[in-house]
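Accompanying notes for the structure given below.
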Amino acid sequence: MTESGVIRLLMELRGQGVTDMRVQNVFEAIPRDRFVPEDLVDQAWDNVALPIGCGQTISQPIVVALMTQKLALSERMRVLEIGTGSGYQAAILSRLVRRVYTVERHADLLVTAQKRFDALKLHNITTLKADGSRGWPQQAPFDRIIVTAAAARMPEHLLDQLTPDGIMVVPVGEGTWDQKLYCVQRHEDGYDSEAFLDVRFVPLLEGREGRPVER
Ligand code: SAH
C-alpha cells in the first residue's frame with residue numbers, strides 16, 4: 001500500500017463527512033489493495049468502486065465509510081452483511097464488532113473473500129453461500145444489518161431479524177439511478193426510517209442461486 005494513497009483517501013473521507021475516528025482508523029488498518037483484482041491494485045486507494053468479477057463491484061470507499069459510520073457500531077455487536085462481494089466491507093466491520101456474518105450468492109466470490117479473511121487473520125467473520133434476501137434466520141437476531149446490494153423495496157423480513165433496538169442500513173430503489181441509502185432503526189413499537197444518501201449499487205437478486213464454483 002502506498003502511504004500517500006492512504007492519506008489522500010482519509011482526507012477525502014473526512015472532507016465528505018466521515019468524522020468517526022474509529023471508522024477512519026479502520027480504513028487505515030484494512031488494506032483495500034488486497035480486496036481488488038491484481039490489475040487494478042494501482043487504483044485500490046482511489047475513492048472509486050472497482051469491478052471484482054461476476055459483474056459485481058467493490059463499493060466506493062466513501063460509501064463503505066458512511067454506511068459503517070451510520071451503523072453506530074460497538075465492540076460487542078453481532079452484524080449481518082448481505083452481499084460479501086470482495087469481502088472488503090466485512091473486513092472493515094470485523095475490526096469494529098464482535099462477529100460478522102456475511103452472505104453471498106456467488107460461490108466463487110465467497111471463496112476468494114474467505115481466502116482474504118484467512119490471509120489477514122480476520123477470524124471473526126462467518127460466511128454463507130445463500131440468497132441473502134432471506135437473511136440468516138439460524139443466526140438471528142442481529143444488532144445491526146447492512147445490505148450492500150440494492151433492494152427494489154424495503155426488505156421487511158430482514159427487519160424481523162434485528163434485535164429490538166437494532167439498526168439496518170440498506171440501499172433501496174428499483175433502477176440504477178434512483179436508489180437511496182436508508183437507515184432504519186427498530187423500536188419497541190415499530191421502525192423509524194431515514195434516507196441519507198443517493199447511491200448506485202448492483203441489484204439484490206432475490207430467489208436466485210449463483211453459479212456453482214468452477215475449479
Ligand atoms: N460488500 C461488497 C460489495 C458488494 S457488491 C464489498 O465490500 O466488496 C454486491 C454483492 O451482493 C455482489 O457480490 C452480489 O453477488 C451480492 N448479491 C446480490 N444479490 C444477493 C443475494 N440475494 N444474496 C446474497 N448476495 C447477493
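All ligand and atom numbering here is 1-based and tracks the order in the structure.
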Exercise. Out of curiosity, is A91 lining ligand 1, as in a heavy atom under 4.0 Å away?
Worked result: no
Exercise. Between A130 and ligand 1, which residue portion shows a heavy-atom distance shorter than 4.0 Å: side chain, backbone, both, or neither?
Worked result: backbone
Exercise. Hey, is P203 one of the residues with a heavy atom under 4.0 angstrom from ligand 1?
Worked result: yes
Exercise. Counting both backbone and side chain atoms, is some N or O of I82 under 3.5 Å from an N or O of ligand 1?
Worked result: no
Problem set entry | Distance filter under 4.0 Å to L109 heavy atoms, resulting ligand 1 atoms | 13 (O)
For this session: Could you tell me which non-hydrogen atom of Q161 sits nearest to which non-hydrogen atom of R134, and how far apart they are?
Result: NE2-O, 3.0 Å
Exercise. Looking only at heavy atoms, is any part of V202 under 4.0 Å from ligand 1, and if so is it the side chain, the backbone, or both, or is it neither?
Worked result: side chain
Problem set entry | Numbered atoms and elements of ligand 1 in range of D131, under 4.0 angstrom, heavy atoms | 21 (C), 22 (N), 23 (N)
Exercise. Is it true that F196 and Y182 have ring centroids separated by less than 6.0 Å?
Worked result: no
Exercise. With a cut-off of 4.0 Å, which atoms of ligand 1 are near a heavy atom of S59?
Worked result: 3 (C)
Exercise. So between R32, R134, K129, R105, whose heavy atom ends up nearest atom 25 (N) of ligand 1?
Worked result: R105
Problem set entry | Backbone of L10 reached by a side-chain donor or acceptor of E12 within 3.5 Å | no
Exercise. Do you know which two heavy atoms are closest between P171 and L181, and how far apart they sit?
Worked result: N-CD2, 3.6 Å
Exercise. Which heavy-atom pair separates A90 from F117 by the least distance, and what is that distance?
Worked result: CB-CZ, 3.9 Å
Problem set entry | Heavy-atom nearest option to atom 7 (O) of ligand 1, drawn from E206, Q89, H106, Q60 | Q89
Problem set entry | Distance filter under 4.0 Å to T57 heavy atoms, resulting ligand 1 atoms | 3 (C), 4 (C), 5 (S)
Exercise. Would you find a donor on one side and an acceptor on the other, under 3.5 Å apart, between the side chain of T57 and the backbone of S59?
Worked result: no
Exercise. Is D143 salt-bridged to R98, cutoff N-O under 4.0 Å?
Worked result: no
For this session: Compare every heavy atom of L50 with every heavy atom of R32, then report the nearest pair and how far apart it is.
Result: NH1-CD1, 4.2 Å
Exercise. What are the two closest heavy atoms between V36 and A44, and how far apart are they?
Worked result: CG2-CB, 4.0 Å
Problem set entry | Options A151, G83, G85, ranked by nearest heavy atom to atom 1 (N) of ligand 1, top entry | G83
Problem set entry | Closest candidate by heavy atom, reference atom 13 (O) of ligand 1, pool E104, E81, M67 | E104
For this session: Classify the angle between the aromatic ring planes of W136 and Y101 as parallel (below 30°), tilted (30 to 60°) or perpendicular (above 60°).
Result: perpendicular
For this session: Can you sort out which atoms of ligand 1 are near S86, meaning under 4.0 Å from one of its heavy atoms?
Result: 6 (C), 7 (O), 8 (O)
Exercise. If hydrogens are left out, which of I58, T84, V103 has an atom nearest to atom 2 (C) of ligand 1, that is, the closest non-hydrogen atom?
Worked result: T84
